[in-house]
> 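Next up is a structure, given as structure tokens.
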Amino acid sequence: MRLRQVLVVLVVTVLVLCGLCTGAGVWVWNSAVLSTADQVDFTRPLAVPPLAPSHLDAQGRRVFELKAQAGTHDFGHGATPTRGYGGSYLGPTLRAARGEQVVVDVANGLDEATTLHWHGMHLPAGMDGGPYQGIEPGTTWSPTWQIDQPAATLWYHPHPHGRTAQHVYQGLAGMFLVDDPATDVAALPHEYGVDDFPVIVQDKKFHGDGRLDDTAPFLSGIGVLGDTVAVNGTVGPYLEVTTQRVRLRLLNASNARSYDFGFADGRTFALVGSDGGLLPRRADLSRIMLSPGERAEIVVTVAPGERVVLRSYPPQLGTPLFDRFSGGADTLDILQLRVSSGAVARPQVPERLVDVPRLDPSGAAQRRSFSLGGHAINGKGMEPARVDAAPVLGTTEVWRVVNNDGTPHNFHIHDVQFQVASVDGHAPPPWLAGWKDTVYLPPNRPYELVMRFADYADPNTAYMFHCHLLAHEDAGMMGQFVVVPADSR
Ligand code: C2O
Ligand code: CU
Ligand code: CU
């Protein structure tokens, strides 16, 4: 009798626990999917970051000023404490032309040290703003370099080791546009704030009191995933479009989330540029996926009087079972385009865009392999005293990079723009046909990247390469390289 009672109690307990577990499991599984499709009220005009003023100094250098500072910003949750450059959230758009010598006076008005990195910029390691070029509170850092790369959509953000995720999440970021008549196409929309717009996409999450919440969701493994999208800092944004073609410079400035951008009505758009410049040819696509740090320039054709929504569809992260815990099942409405009834015509996007000289992988002086997994690269975490690679000035290298765990990662390198030579042994797709500095790595698919170390040998100052999911980068998923002069072998 007692034995039977014990058995019954045991069985019932097990059944109840299983039920609870299954229930909890189902809840965890289902709650990891977010959709805001057709649910966003687009009631706020999209903020367009102003172009940063600049002046020429006595030596003819173009001088910008940026000041990192604290403030509060309205995301629809009251006054949220944030940070920005020269304002309370994000920073102005810097714009300079190839050949110009620029100086940026970066003042730190924060209560802690920061740095400022020029993501995608080809420049000397000492000007790069990596983890070592700390700017103490109350001081100013003034890097200077000559712009020497094709027309492109670049960006800037802090890089203090272990603090990058926080600094960026709080609002420290902005765009840097490079102009170069030789590698731009006049037929593309190019009037900033008229037919050519920065679209800085970030996901945010809030505490009940309106503060930014940067905690990672259960099972995420990649850091914060927000339920609210801000574009240029605007939540629920609409953009009044006055032209029948509009160029959107998409920047994924989110900490962890990848987006697969497209339009709600499924229309195609012309992809014209990737991280480091325009593509050789336009690619007509209905989706373009961007992982954190990546950019894409698209031109979308719109009809007078219509409204169309830029949406992010579930990105193919390549981690089937776990996609949903990394935002891979989420659909998010991003930005509404409201086209005026009098919208004026703009030229067709040409088929061929710019010459992108192909880097030849067979001429590589060196091949290297990097495997990303477990918050480390080749099993090693970031170590300031360790240099992982020393490419020789003037040489071309092939870096084979692979994600070897089941978590989303991407690969970003400072100093150079690379070309993707192959993806898992195959020719790269059209959207990877141009210059890149950041590329998404689905698990177990090796990417071969060709890069040329043409300038700026400095054996004593390192550039970084890392996963651009900021929580991973902060956790040490980063390595260092120095470019050494040819005679130092
Ligand atoms: Cu955008 Cu090393 O980073
Ligand atoms: Cu960078
Ligand atoms: Cu990663």
Side-chain angles (χ1 to χ4, degrees), residues 91 114-125 127-133 143 145 149 152-165 167-169 172-176 200 202 216 220-225 251-258 275-276 290-295 317-319 322 325-328 370-378 381-382 388 401-418 435-444 447 451 462-481:
T114 187
T115 83
L116 194 51
H117 167 59
W118 318 101
H119 180 128
M121 193 73 77
H122 177 49
L123 78 185
M127 307 296 161
D128 189 42
Y132 306 129
Q133 285 114 24
W145 70 94
Q149 63 192 93
T153 301
L154 313 181
W155 65 301
Y156 58 89
H157 64 78
H159 219 295
H161 193 46
R163 311 273 300 154
T164 298
H167 285 208
V168 173
Y169 194 61
L172 294 173
M175 256 190 197
F176 197 136
I200 304 174
Q202 300 176 303
S220 130
I222 58 171
V224 61
L225 287 169
L251 159 61
N252 181 354
S254 306
N255 284 38
R257 186 182 284 285
S258 293
D275 300 336
L290 297 183
S291 65
E294 289 185 284
R295 288 87 66 207
L317 300 174
T319 55
F322 298 103
F325 301 113
S326 309
F370 298 95
S371 129
L372 286 77
H375 294 181
I377 299 181
N378 287 347
M382 163 70 173
D388 302 275
V401 294
V402 62
N403 170 351
N404 73 357
D405 69 18
T407 311
H409 299 294
N410 67 11
F411 184 84
H412 167 56
I413 185 167
H414 293 205
D415 178 33
V416 292
Q417 293 284 337
F418 55 78
W435 296 111
K436 292 285 293 169
D437 57 52
T438 308
V439 69
Y440 182 70
L441 300 178
N444 305 317
Y447 279 58
M451 49 192 91
Y463 295 102
M464 307 293 127
F465 58 90
H466 56 90
C467 175
H468 215 288
L469 277 65
L470 300 182
H472 292 173
E473 171 183 345
D474 277 345
M477 202 169 206
M478 177 152 65
Q480 312 189 87
F481 71 97

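Counting starts at 1 for both ligands and their atoms, following the listed order. Computed from heavy atoms alone, side chains included, the values below leave out hydrogens, waters and symmetry copies. Here the structure is a predicted model, which means the values were calculated and not measured.
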> Could you tell me whether a side-chain N or O of H472 sits under 3.5 Å from a main-chain N or O of G221, the two making a donor and an acceptor?
yes
> Ring-plane angle category for H414 and H159, please: parallel below 30°, perpendicular beyond 60°, tilted otherwise.
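Aromatic pair H414/H159 classed perpendicular.
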> What pair of heavy atoms forms the shortest contact from A471 to A165, and how long is it?
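Smallest interatomic distance, heavy atoms only, reads N-CB, 4.4 Å.
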> Which heavy atom of E294 sits nearest to which heavy atom of V439, and what is that distance?
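The pair with the smallest heavy-atom distance is OE2-CA, 3.9 Å.
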> Starting from the Cu ion (ligand 2), count all protein N, O or S atoms within a radius below 2.8 Å.
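Counting protein N, O and S atoms closer than 2.8 Å to the Cu ion (ligand 2) gives 2.
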> Strictly by modelled atom types, are H122 and D415 linked by a side-chain donor-acceptor pair under 3.5 Å?
yes
> Using a strict cut-off of 2.8 Å, how many protein N/O/S atoms surround atom 1 (Cu) of ligand 1?
3
> Is the closest side-chain heavy-atom distance between P292 and S258 below 4.5 Å?
yes
> About how large, to 10 degrees, is the angle NE2 of H466, then atom 2 (Cu) of ligand 1, then NE2 of H414?
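Between NE2 of H466 and NE2 of H414, the angle at atom 2 (Cu) of ligand 1 is about 110°.
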> How far apart are the closest heavy atoms of P442 and G318, and which atoms are they?
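What the structure gives for the nearest pair is CB-CA, 4.4 Å.
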> Considering non-hydrogen atoms only, spot the tightest contact between L441 and V402 and give its length.
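Closest approach of L441 to V402, heavy atoms only: CD1-C, 4.3 Å.
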> Could you pull out the closest heavy-atom pair between P158 and T114, with the gap in Å?
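Nearest heavy atoms, P158 then T114: CB-OG1, 3.4 Å.
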> Does any non-hydrogen side-chain atom of H119 lie less than 4.5 Å from one of D275?
no
